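To start, the structure itself, in structure tokens.
Labels below follow one simple rule: chain letters A, B, ... track the order of the sequence lines, proteins then strands, and each chain is numbered from 1. Everything numeric here is computed off the predicted structure, so don't read it as measured data.
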Protein chains: 4
Amino acid sequence: MTTSPNSRPRTRATASKKRLFAASMQLLGARGPNAVSVDEIAQIAGVSKGTVYYNFGSKDKMIGQVLEFGADMLVAELVEASTLSEPRDALRTMASIAIDFVEKYPSFAQIWISEQLRPESDWGDQITPVYTRVTSTIIEVIDRIVVLAQEEKQPVATAIFGAALFSARLRAASANPENRETILNSVLFIVGGLIATHEPVTDH
Amino acid sequence: MTTSPNSRPRTRATASKKRLFAASMQLLGARGPNAVSVDEIAQIAGVSKGTVYYNFGSKDKMIGQVLEFGADMLVAELVEASTLSEPRDALRTMASIAIDFVEKYPSFAQIWISEQLRPESDWGDQITPVYTRVTSTIIEVIDRIVVLAQEEKQPVATAIFGAALFSARLRAASANPENRETILNSVLFIVGGLIATHEPVTDH
Amino acid sequence: MTTSPNSRPRTRATASKKRLFAASMQLLGARGPNAVSVDEIAQIAGVSKGTVYYNFGSKDKMIGQVLEFGADMLVAELVEASTLSEPRDALRTMASIAIDFVEKYPSFAQIWISEQLRPESDWGDQITPVYTRVTSTIIEVIDRIVVLAQEEKQPVATAIFGAALFSARLRAASANPENRETILNSVLFIVGGLIATHEPVTDH
Amino acid sequence: MTTSPNSRPRTRATASKKRLFAASMQLLGARGPNAVSVDEIAQIAGVSKGTVYYNFGSKDKMIGQVLEFGADMLVAELVEASTLSEPRDALRTMASIAIDFVEKYPSFAQIWISEQLRPESDWGDQITPVYTRVTSTIIEVIDRIVVLAQEEKQPVATAIFGAALFSARLRAASANPENRETILNSVLFIVGGLIATHEPVTDH
DNA sequence: AATGAATGAGCATTCATTCAT
DNA sequence: GATGAATGAATGCTCATTCAT
């Protein structure tokens with residue numbers, strides 16, 4: 001996925017890099033960057049610590065790439081779901097996807113939330129922040145439901161993303177998680193409120 | 001105990017502890033626990049490092065107390081706002097308070113969001129998680145607006161809190177922050193959706 | 001005991017000092033100087049840490065005095081036993097006393113053994129090293145058994161003390177301690193060897 | 001493992017570890033574990049502090065290995081001496097070896113004496129305590145001299161070891177040390193006493 | 001391409017000691 | 001006589017990073 005399919009077979013590319021990616025996704029997703037050391041990642045990947053620096057240059061750069069990879073995973077799924085013919089089904093499915101993702105990689109939610117905080121850049125000149133990519137997908141779907149003023153779109157999408165992310169995060173942390181349907185409904189109340197107060201999109 | 005009212009002037013009582021609290025709020029609120037060292041806190045507080053341990057026992061215990069203090073600050077304001085006669089005004093004011101708080105102590109949002117993740121307990125047995133205290137306040141207000149099934153309440157309140165927290169967090173990180181009113185509206189669309197689909201509370 | 005009986009009653013002398021002495025004997029005897037902090041001693045004595053410095057000046061000075069006190073305790077008992085009419089009974093009793101003492105205050109043996117090592121002085125300008133006081137008592141008894149050349153006396157007494165101390169120390173550390181009688185016999189074999197190779201003392 | 005015989009020159013292999021060992025033997029032998037810091041050991045070894053942790057994992061583990069190494073040194077010499085054809089010569093030589101060792105590494109005696117005290121284990125699960133290895137060697141020699149009941153053997157050997165260790169320790173600390181011969185004689189009086197009261201071993 | 005030995009700055013924590021009250 | 005708040009030097013340890021091979 002990361003390595004766009006070349007025409008040539010590319011025998012093994014970088015086995016070490018792949019293993020490091022896998023180990024990082026697992027460890028970072030579960031415990032976050034600060035709680036994971038380069039030693040541990042290398043050990044679980046079954047390579048030497050030096051290999052991390054050979055392949056990625058620094059811990060931060062590696063984290064950046066892993067984060068991007070995780071974001072790509074999530075966004076790809078969201079984008080696919082966003083094409084469902086019925087936009088409200090699309091949103092519901094997208095929220096459901098978010099719940100699954102956060103359950104699998106709990107600390108990604110936390111990282112994305114804090115990602116904008118960094119004053120300079122830690123893991124990141126980070127091409128596009130995750131939330132931007134997600135909210136623009138959300139906006140596309142919303143645009144198929146109601147007519148919103150331009151300056152309303154981003155805040156509405158942000159609210160939806162925040163509600164979904166936080167609900168999912170809490171559900172993942174809970175011993176006996178809330179009913180998934182109830183959470184989806186709660187998040188989608190935002191759309192209900194939108195519809196109740198805005199003009200619906202007329203199909204051309 | 002420390003502040004037992006003496007008849008004598010009591011020049012500066014436990015000035016050190018207060019200074020440490022202030023420095024911690026500032027530093028922790030801005031950069032989060034991992035990014036702040038005991039040295040730095042002590043230095044900014046103008047006391048020696050040993051004083052931290054004399055007064056708090058450990059870095060974690062200190063952070064726990066500071067976090068609790070910050071939570072108390074926010075919750076107290078929210079509770080006060082929740083008593084406004086018009087429940088929708090109350091919610092709007094509460095969201096506004098959250099925005100201000102997050103702007104002042106950006107990393108608190110992040111900490112609270114990740115607070116449930118900790119398997120055991122890092123900064124103590126943390127009486128009640130912040131989100132619980134906040135959502136129960138939100139629920140009180142919502143109960144004055146619509147009639148909700150018991151199992152719907154917590155998820156709805158969670159969604160509202162998540163939307164507000166995330167929006168506020170993003171606004172705080174942004175160079176040219178979104179219009180506050182637009183954010184408030186977006187968060188409150190959840191309430192709009194609620195009203196559109198639930199029976200309103202009848203005033204006796 | 002420490003305060004040689006004055007003619008005047010000496011109402012309470014220093015209650016704090018006594019409590020510190022008691023706590024120190026207990027803690028130091030069990031765990032040794034390095035493993036015990038001033039905080040802990042003060043806490044168990046039920047006084048403030050400052051009181052230690054008020055009464056003793058420093059941790060080392062306090063330890064020195066406690067060590068001396070412990071040595072006085074042991075030596076007093078040994079001296080008393082040494083007056084038994086039958087010198088071999090005296091030696092056996094003295095060894096038995098050593099076993100009891102080491103069992104009660106295990107780390108005293110260790111401290112006394114390392115006491116001579118200190119290059120300068122840690123806890124001490126320590127009047128007379130414990131081993132000197134003990135061996136001179138041993139020598140007095142031995143002189144009643146056999147005739148020894150002057151330069152033999154100290155080494156023989158040292159060997160006896162070492163054998164007794166080490167045996168006692170090991171017994172104290174053992175889960176199911178060796179039979180006390182067997183230990184006493186083993187130590188006293190030194191005397192047996194002496195008698196077998198030296199002229200017995202003729203009573204005038 | 002570290003020293004697997006390579007065909008290639010192997011310039012300096014694990015020079016750091018060796019240097020750390022040498023420095024530790026010197027420093028620990030002279031002043032004991034508590035009085036020596038990791039910084040100091042690393043500095044004298046001419047490596048960085050991190051190297052200690054890279055090679056040994058912790059200060060305690062390093063001390064454990066150094067202690068074991070020292071014990072191996074002593075025991076190896078004792079075992080060799082124990083094979084002398086004349087058992088009493090063997091014992092005398094062993095005592096002499098102990099004196100030399102203690103003179104060179106004064107604090108080892110102290111550590112070994114206190115080694116059994118540790119409730120849990122500080123420097124590791126310490127394979128076999130030194131005193132056990134030494135006394136079993138002593139017992140082998142004694143068995144060639146007299147017939148002892150099984151339960152007498154350990155206490156007698158312990159007394160001999162204690163007498164030798166303590167005498168050696170005192171001699172090492174003394175400004176003008178006692179005559180070595182006199183000390184050896186004193187320790188060996190235990191054997192004299194044994195012979196005087198027990199049946200000698202009959203040669204086949 | 002990969003390794004692993006080595007580094008050193010940074011960190012949380014301990015503890016004997018001081019001193020104003 | 002006694003206290004307890006405050007100190008600061010010292011310590012064991014972690015970890016991202018470098019580099020010769």
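The distance from atom CD of Q43(B) to atom P of dG10(E) is 13 Å, rounded to the nearest whole Å. Atom pair K61(D):NZ and dT14(F):C1' shows a separation of 14 Å (rounding to whole Å applied). Between the C1' atom of dC11(E) and the CD1 atom of I63(B) lies a distance of 13 Å, rounded to the nearest Å. A straight line from CD1 of I41(D) to C1' of dC13(F) spans 14 Å, rounded to a whole angstrom. Spacing between atom CE of M62(D) and atom C1' of dG12(F) amounts to 13 Å, rounded to whole angstrom units. Taking atom CG of L20(C) as the reference point, atom C1' of dT3(F) lies 13 Å away to the nearest angstrom. For the pair K18(D) NZ and dA6(E) P, the interatomic distance rounds to 12 Å; values are reported in whole Å. Look at CZ on F56(B): it is 14 Å from C1' on dA6(F), rounded to the nearest Å.
Every residue was checked against the side chain to side chain contact (heavy atoms under 4.5 Å, CB included) condition with Q43(A), not counting sequence neighbours, and none meets it. Every residue two or more places apart in sequence or in another chain that forms a side chain to side chain contact (heavy atoms under 4.5 Å, CB included) with A23(B) is listed here: I41(B), I44(B), A45(B). The ring pair (Phe, Tyr, Trp, His ring centres under 6.0 Å) search around F69(B) returns F21(B), not counting sequence neighbours. For Y53(C), there are no ring pair (Phe, Tyr, Trp, His ring centres under 6.0 Å) partners two or more places apart in sequence or in a different chain. In this structure K49(D) satisfies the salt bridge (charged side-chain N to carboxylate O under 4.0 Å, His left out) test together with D39(D), sequence neighbours excluded. Contacts of A71(D) classified as side chain to side chain contact (heavy atoms under 4.5 Å, CB included), with partners at least two apart in sequence or in another chain: W112(D), V130(D), R133(D). When the side-chain hydrogen bond (donor to acceptor under 3.5 Å, both in side chains) test is applied to T51(D), the partners found at least two apart in sequence or on another chain are S48(D).
The phosphate of dA6(E) (OP1 or OP2) has a side-chain N or O of N55(D) nearer than 4.0 angstrom. Phosphate contact (OP1/OP2 of dA6(E), side-chain N/O of S48(D), threshold under 4.0 Å): absent.
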Under 3.5 Å between N/O atoms: give me all the protein pairs with nucleotides 14-16 of chain E, atom names plus distance.
residue, atom, partner, partner atom, Å
dA16(E), OP1, K59(C), NZ, 2.8
dA16(E), OP2, V38(C), N, 2.8

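Judged by closest nucleotide on DNA chain E, G46(A) is the one of G46(A) and T51(D) placed further toward the 5' end.
Using a 4.5 Å cut-off on side-chain heavy atoms (C-beta onward), F108(B) and L67(B) make contact.
Among dA2(F), dT7(E), dA2(E), the nucleotide with an atom closest to any side-chain atom of V47(D) is dT7(E).
Counting only Watson-Crick and G-U wobble pairs whose two key distances fall under 3.5 Å, DNA chain F forms stems of three or more stacked pairs at E:2-21 with F:2-21.
Cation-pi contact between K17(B) and F56(B): present, with separation from the ring centre below 6.0 Å and deviation from the ring axis of at most 45°.
Among the heavy atoms of the strands, none lies under 4.0 Å from V52(A).
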